[in-house]
Every structure is written in structure tokens, then in C-alpha cells.
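Chain identifiers are assigned alphabetically (A, B, ...) following the order of the sequence lines, protein sequences preceding nucleic acid strands; residue numbering begins at 1 within each chain.
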Number of protein chains: 2
Amino acid sequence: MNSEFTIAVHSLALLANLPDHMASSEHIAKNVCTNPARIRKIMSILRKHGFVRTKEGIGGGYILDRDPRELNLAQIYETISSGTLKPHWCTGDPEDTCVVSSKMHCVMDQIFNQAEFHYKKYLEQITIQSVLDQIKQP
Amino acid sequence: MNSEFTIAVHSLALLANLPDHMASSEHIAKNVCTNPARIRKIMSILRKHGFVRTKEGIGGGYILDRDPRELNLAQIYETISSGTLKPHWCTGDPEDTCVVSSKMHCVMDQIFNQAEFHYKKYLEQITIQSVLDQIKQP
DNA sequence: TAAACTGTAAGCATTAAGATTACAGTACTC
DNA sequence: GAGTACTGTAATCTTAATGCTTACAGTTTA
């Protein structure tokens, strides 16, 4: 599991906390503790899905383009990390004569797909606003 | 996400399919498509949790020690892969003066812990027997 | 036209995942 | 009790995934 989803959530929460001005990739990167190129890559995907607006040139950067109360983590997961619940490596061999070996891949695939469905159902309940509220709790 | 959980499920389903005799690590490894040492490492954990019995020496190997209808994937996940839903890398910096940066780690931790809780709830519904039934479907 | 930004990609470094090898310990068989 | 076929476990090596750095073209503003 890589951490692009976590970075996206962090970045969006940060933008929700700065509703009135743009934040540069360098600013966000410092806050998240990573490098600007990585932030730009992730924000570029978020822009293509309409979560943020970007502006190039002087005074440019990123700004949230959604109501944080209506932006949930399932939407973010979907665009950034869909399909990452299942491991890259898979057991079994479809060519094997043993049914267990030959079908296991397919069965585990279904299990992970459904697991991801439930995972997203859970993430749907959490909005960027609720993340921000939790952060600001004393 | 590594694939030890998948390997454990595959191995246990295989054992459930061979209820009357022991399977060696080499046999299981061939079926799973990995190496015997890896199987032994995973099976050793499963033995410590009472899922399988092992026997050393000639004719030894592994045999299921649970009713496959009462052995669910949540139990397996718990013993093999607990805590792996959250990425190793974490955003933010607890020492940062910005609340978002300093608290994000803690908030994401909670989110991933609860996500794992829901994930396990889903896995509870799936038994080794049901995996085997799915495999044997035409 | 210079400065400050994004967009994107190539290449490098680090870390996690998986394979290999080795060998001690155990149980069975002759 | 010696040989064989297993598990248990650890050390080391290889490969693949992850993250970082650098670079530069494109865009906007001053």
C-alpha cells in the first residue's frame, strides 16, 4: 500500500483550511513532508477530477474546488488508489490441474473486490470537513 | 500490501480439500507457486494459533485442525496481517506548528484503524469452507 | 522578458517483498 | 542407531515497489 491516498487527504484538508488563497506545491509538500514534484503529480490527478483548481504562473498553486462537507474520502480513494487493496503478487496457477490452485486467483480477486467495495462504503462516511474538524478538536 | 494473507487462505483451503492426510511444505508451495520456506514460515504462525497441526519427520507436514465451516478469513487476517492496511509512510510532522501537519498522522491512524475494523467485519462472513465451495463451483 | 508557478517525465536511491540456501531439530523406518 | 524426510528458523541475496531528485517545457503575471 503506497501513501498517495494519505497524501491526497492531507493536501485537501490543508486546502480546506486555507479556503481563500492558493497554496503552492512547495507549501503543501513542506506540510505533508514530501517533495513538490510528488504533490504536483497527485494534485494534477485531483484537478482532472474536479476536486481542486490549479493556476500556473506567479501567485499560482492549488485551491479546493468543492464544498469540503460534500467531498468524502471514498471519492478521493477512487481517483487515487482504486484497486490497491489486493496484493500485486497472486497465489496459484490457472494452468494447474488442481482446482484449488487454478481457481484460487479468481476467488481471491472477487474477495478483494468486494472488500474494496465495503472499504469504500466506510470511507464514504468521512468527509474532508470531518477530517478537519477532528484535527481541530482540542 | 504483501501477500501472506492470500497465501494463508490458499494453503488452508488446500488443506481443507485434503482433510485426511498431511501435506508437506513442498506440496503446498508448488500449489501456491512459491517456495517451501515461505510456506513453513506462514504455517508456523498458523500452528501457533491452532489453525493447523504440524508433524515433523517422515510422512509429516501440515493438516487442518479446525472445522473449515468455522474458520473465517478475519481470524486468518488477524493472525497474519493485522495492521497492514495503513501505509508505512506517514504524512505530516507532529512537531510542526501547523495543526493540520501536526495532527494529520493521528487522525489518519484512527481512520485506518476503523477501516481495518470494518474490513475484518467483512472477512468474518467468509469461511474457508465457503472459499472451497466457490472454487468447486462449475 | 524575467520571475514564479504547474505539468510531466526520466533516472536514482531506498525500502519492502520474495527467493534461496543452509542447517539444527524431530520423527519415522529399516 | 543410522539414514531419510520432514519442520523451524535465520541469514543472505534478488527483485520489485516506493519515494526522491533533477530537469525542463509551458503558463501566467508583473
Quiz item: To the nearest angstrom, how far is I58(A) atom CD1 from dG26(D) atom C1'?
Solution: 14 Å
Practice problem: Side chain of T54(B) only, please: which of dT4(D), dG8(D), dC20(D) is the nearest? | Solution: dG8(D)
Quiz prompt | Candidate list K41(A), R40(A), R38(A), K30(A), test side-chain hydrogen bond (donor to acceptor under 3.5 Å, both in side chains), partner S25(A), passing option | solution = R40(A)
Quiz prompt | Check: C90(B) main-chain N/O paired with S3(A) side-chain donor or acceptor under 3.5 Å | solution = no
Quiz prompt | side chain to side chain contact (heavy atoms under 4.5 Å, CB included) involving D67(B) - partner list, sequence neighbours excluded | solution = R69(B), E70(B)
Quiz item: If you group Ile, Leu, Val, Met, Phe, Trp and Tyr by side-chain heavy-atom gaps below 4.5 Å, do I63(A) and L18(A) land in one group?
Solution: no
Self-check item: S44(B) side chain near dT9(D) phosphate (N/O to OP1/OP2, under 4.0 Å)
Solution: yes
Quiz item: In whole Å, what is the span from the CD atom of E56(B) to the C1' atom of dA5(D)?
Solution: 11 Å
Exercise. Find the distance R53(A):CZ to dT6(C):P and express it as a whole number of Å.
Key: 15 Å
Quiz item: Counting only non-hydrogen atoms, which of residues 12-42 of chain A are less than 4.0 Å from DNA chain D?
Solution: T34(A), N35(A), A37(A), R38(A), R40(A)
Quiz prompt | Protein-nucleotide distance (L46(A), atom CG; dG7(C), atom P), rounded to Å | solution = 11 Å
Quiz item: Just how far is it from atom OG1 of T127(B) to atom CG of N72(B), taken to the nearest 0.5 Å?
Solution: 7.5 Å
Quiz prompt | CD (E124(A)) with more than 12 external heavy atoms under 6.0 Å | solution = yes
Quiz prompt | H88(A) NE2 - dA16(D) P separation (whole Å) | solution = 12 Å
Quiz item: For K86(B), does the NZ atom have more than 12 heavy-atom neighbours from other residues, nucleotides or ligands under 6.0 Å away?
Solution: yes
Self-check item: Between P of dT26(C) and CZ of R47(B), the distance in whole Å
Solution: 12 Å
Quiz item: Hey, does the side chain of K55(B) come within less than 4.0 Å of dG25(C)'s phosphate (OP1/OP2), counting only N and O?
Solution: no
Quiz item: Tell me: CH2 of W89(A) to C1' of dA16(D), nearest whole Å?
Solution: 14 Å
Practice problem: Round to the nearest Å and state the distance from E4(B) atom CD to dA17(C) atom P. | Solution: 8 Å
